[in-house]
Amino acid sequence: MALETTQEVISAEDRAPSIPTEAKNARIPADGSLSKVIENARAATDKEHKMTLLEGIRLYPKAVAWSVLISTCIVMEAYDVSLISNFYAFPPFNRKYGHKLADGTYQVSAAWQSGLSNGASVGEILGLFINGWASERFGYRYTIMVCLVLIAAWTAIFFTAQNVQALLAAEILAGIPWGVFQTLTITYASEVCPVALRGYLTTYVNCCWGIGQIIGVGVIKSMLNRNDQWAYRIPYGLQWMWPLPLFIGILLAPESPWWLVRKGRTEDAKRALLRLTSVRPGSDFDADETIAMMVHTTALERRITKGASYWDCFKGTDLRRTEIVCMAWAMQNLSGNSFSSYSTYFLEQAGLSTSKSYDFSLGQYAINMAGVFGSWFLMSLGIGRRSLFLYGLCGLCAMLFIMGFLGLVPDSHKDQAALATGSMMIVWAVIYQLTVGTVCYSLVAEISTRRLQIKTVVLGRNLYNVVNIICNVLTPYMLNPTAWNWGNYAGFFWGGVCFCAVIYTYFRVPEPRGRSFAELDLLFEHGVPARKFTTTQVDVFSETIEGTVIEDYQAHKAAGTDADAEKASHLF
């Protein structure tokens, strides 16, 4: 990818024609308080730009801890989700919920495999749309806590299911809280930390998927010597170990300061921010400056984005941002991820024993965790999210075509071809987790506006689920010996789809690294091409902003000052 050699500067004059009349006429406080807010916001933005990774960790250790705690909801979900796809290669599960084949073995039909996998996706779509409304109204913490109660209730259906229809009902119901966890964990991580930590805490969510999947496969593998009903009921029952400790932890966690600012609760936002930071003597951190930056960004977004509904995600500059977020999520599946998620079943069909198939899956899921740390290392070297995403897709495309060509190996060397395929899937997983699988979480959290972030991420994740449903319909038929039985040739199909994703990424996915949320807002508003995001300079403080937001902030500040003065008067 060619590097841009010139820098473009978006000046106030360049932007003037695009400033709406109502924004120009916005009410500005007559006492000069607007200039003070902008001064504080500029100071906080400059400090964040200069902040290193270690400085961010020292200043925001509590934010890191709370983000990691809330992201653990994804560990729980990954464990739950991994059970069903890995149960398809589990003999006791197949005897209970499948049907007998001509060779005497049992298999859940391709139709029911698709139905069970898609049941969760259908529930997630419902949960995501509910989340877009509930989390903005009631806050992130309370929404997650309600969902933890629901997942504890739905686990009882998994544990007692007597037929595949009951399992389908459980998957659909459990998908509702799972959809909430998928987006709120990322949003919370992006809003409680500074720019220096944003890429790391948002991508940590992908590590949580790896942790949960390893636990799930490990539990199933430990049950291989059992042939009774408890071989699959114990793994389902272990889902109850997660909700209670997570509920208690999230009850004690601070709310997102950005959410509180959007609600006009700036004093509460300041208290939450202080709970997220650890200010050392001599530090230049100022909570009022950081809150002013949040207020300024919120005011700027109110000018750019007039509404805060799902429909507003498809208006003006937000349409482009919604499109990129949706496609970033979708490309996780379009790069062959659904092919990989059936790895245990696929490798068993390719000729490996059940035990060795699970061994390969354990290795693959371990890479999910290690890949996140590898991605962090690459980001620390200054490699941008766009570059990692683009070059990662190129590597995945090559691996998929190699797996497809391994299907041409004669049957006399089937065992060697199966091992080679397993090895290629491990290499595929390494590339995926270093790049697309991890970086996607950062991209979707950064590209959307704060005001529409929840709804934009919900729409993106829902497109992911729609694509996932399509993939979950196709993949079992591609791999199941009673259906199309493509085997390795499925690699050709996914390789071609992945190549299309490479083309899209090159022209449409921008680089958000090192940019404040306000700077990203202006880059999108001015229509800067994706390839020029890195080299274009912006000055967010020369913009006309929505004065009413500043007035609300100043009113809260004044109320707080009056309250402090009243308290002081009682002391004398």
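Nothing here was measured: the structure is a model prediction, and the numbers come from that model. All residue numbers refer to positions in the sequence shown, counting from 1.
Under the 4.5 Å side-chain criterion, counting only non-hydrogen atoms from C-beta, S516 is not in contact with T297. Counting heavy atoms from C-beta outward, Y79 and P235 have side chains that approach closer than 4.5 Å. Looking at heavy atoms from C-beta onward, L390 lies out of side-chain contact with V509 at the 4.5 angstrom threshold. Looking at heavy atoms from C-beta onward, M76 lies in side-chain contact with F181 at the 4.5 angstrom threshold. Between L459 and F129, some side-chain heavy-atom pair lies under the 4.5 Å cut-off. Between L184 and I454, the closest side-chain pair of non-hydrogen atoms falls below 4.5 Å. In this structure, I470 and N333 have side chains that are not in contact, with every pair of non-hydrogen atoms separated by 4.5 Å or more. Counting heavy atoms from C-beta outward, L59 and M51 have side chains that approach closer than 4.5 Å.
Checked against the 6.0 Å centroid criterion, the rings of Y441 and W329 qualify as a close aromatic pair. Between Y232 and F158, a ring centre-to-centre spacing not shorter than 6.0 Å is recorded. For W133 and F138, the ring centers are positioned less than 6.0 Å apart. Under the 6.0 Å cut-off for aromatic ring centres, Y236 and F87 qualify, their centroids lying closer than that.
Within the structure, ring-ring contact (aromatic ring centres under 6.0 Å, His included) pairs that include any residue of residues 442-462 do not occur (at least two apart or interchain). Applying the side chain to side chain donor-acceptor pair (under 3.5 Å) test to every pair with at least one member in residues 243-258, sequence neighbours left out, gives these pairs: E191-S256.
The two residues I151 and P243 have their closest heavy-atom pair at CG2-CG, 3.8 Å. The two residues V457 and V444 come nearest to each other via the heavy atoms CG2-O, 3.6 Å. Here the closest non-hydrogen pair linking W494 and C471 is CH2-SG, 3.4 Å. Residue N465 comes nearest to Q182 through the heavy atom pair ND2-OE1, 4.1 Å, listed as atom of the first residue, atom of the second, then distance. Closest approach of A196 and L53 over heavy atoms only: O-CD1, 3.9 Å. Annotation for R141 and I250: closest pair NE-O, 3.2 Å, computed over non-hydrogen atoms.
The structure places CE of M331 at 6.0 Å from OH of Y504, a figure rounded to the nearest 0.5 Å. To the nearest 0.5 Å, the span separating CG on L201 from OG1 on T185 amounts to 11.5 Å. A distance of 5.0 Å separates CG of D318 from CG of L452, quoted to the nearest 0.5 Å. Taking CZ of R461 as the reference point, atom OG1 of T183 lies at 8.5 Å (rounded to 0.5 Å). The distance from atom NZ of K62 to atom OG1 of T277, rounded to the nearest 0.5 Å, is 6.5 Å. The CZ atom of R508 sits 5.5 Å away from atom CD1 of I324, with the distance rounded to the nearest 0.5 Å.
Judged by distance alone, the side chains of R385 and S442 do bring a donor and an acceptor atom under 3.5 Å apart. Checked by atom type, the side-chain pair T202/E446 shows no donor-acceptor distance below 3.5 Å.
Without hydrogens or angle criteria, Q433 side chain to V372 main chain gives no donor-acceptor distance under 3.5 Å. Distance alone, capped at 3.5 Å, is enough to place a donor-acceptor pair between the D312 side chain and the S309 backbone. Without hydrogens or angle criteria, T438 side chain to T435 main chain gives no donor-acceptor distance under 3.5 Å. Put simply, the side chain of W259 gets close to the backbone of S135: a donor and an acceptor are under 3.5 Å apart. Under the 3.5 Å distance criterion, the side-chain polar atoms of S67 are left unmatched by any main-chain donor or acceptor of V64. A donor-acceptor pair is defined here as one N or O able to donate and one able to accept, closer than 3.5 Å; such a pair exists between the side chain of E48 and the backbone of V195. Checked by atom type and distance alone, the side chain of T143 pairs as donor or acceptor with a backbone atom of G139 at under 3.5 Å. A distance-only check finds no donor-acceptor pair linking the side chain of N206 to the backbone of V439 [under 3.5 Å]. Between the side chain of Q453 and the backbone N or O of A445, at least one donor-acceptor pair lies under 3.5 Å. Checking side-chain atoms of R513 against main-chain N and O of G382 turns up a donor-acceptor pair under 3.5 Å.
Between D521 and R515 there is no salt bridge, since no side-chain nitrogen of the basic residue lies less than 4.0 Å from a carboxylate oxygen of the acidic one. Salt bridge K455/E136: absent, no basic N to carboxylate O contact under 4.0 Å. For R271 and D268, the salt-bridge test passes: some basic side-chain N is under 4.0 Å from an acidic carboxylate O.
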For F93 and K96, what are the C-alpha separation, side-chain angles and deciding distance, and is it a side chain to side chain contact (heavy atoms under 4.5 Å, CB included)?
CA-CA 5 Å; F93 180 87; K96 173 66 176 178; 5.9 Å; no

Evaluate Y391 against I383 for side chain to side chain contact (heavy atoms under 4.5 Å, CB included), listing each step before the verdict.
CA-CA 11 Å; Y391 297 134; I383 301 176; over 6 Å; no

Side chain to side chain contact (heavy atoms under 4.5 Å, CB included) for M369 and I211? Distances and angles first, verdict last.
CA-CA 7 Å; M369 299 167 56; I211 295 171; 3.7 Å; yes

Chi angles and distances behind the side chain to side chain contact (heavy atoms under 4.5 Å, CB included) call for L116, V164
CA-CA 8 Å; L116 291 172; V164 72; 3.8 Å; yes

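The side-chain tip of R386 does not point at the ring of F389 from less than 6.0 angstrom away and within 45° of straight on.
In this pair, F373 and W376 present their aromatic rings perpendicular. The plane angle is above 60°, beyond the 30 to 60° band.
Within a 6.0 Å sphere centred on CZ of F159, other residues, nucleotides and ligands contribute more than 12 heavy atoms.
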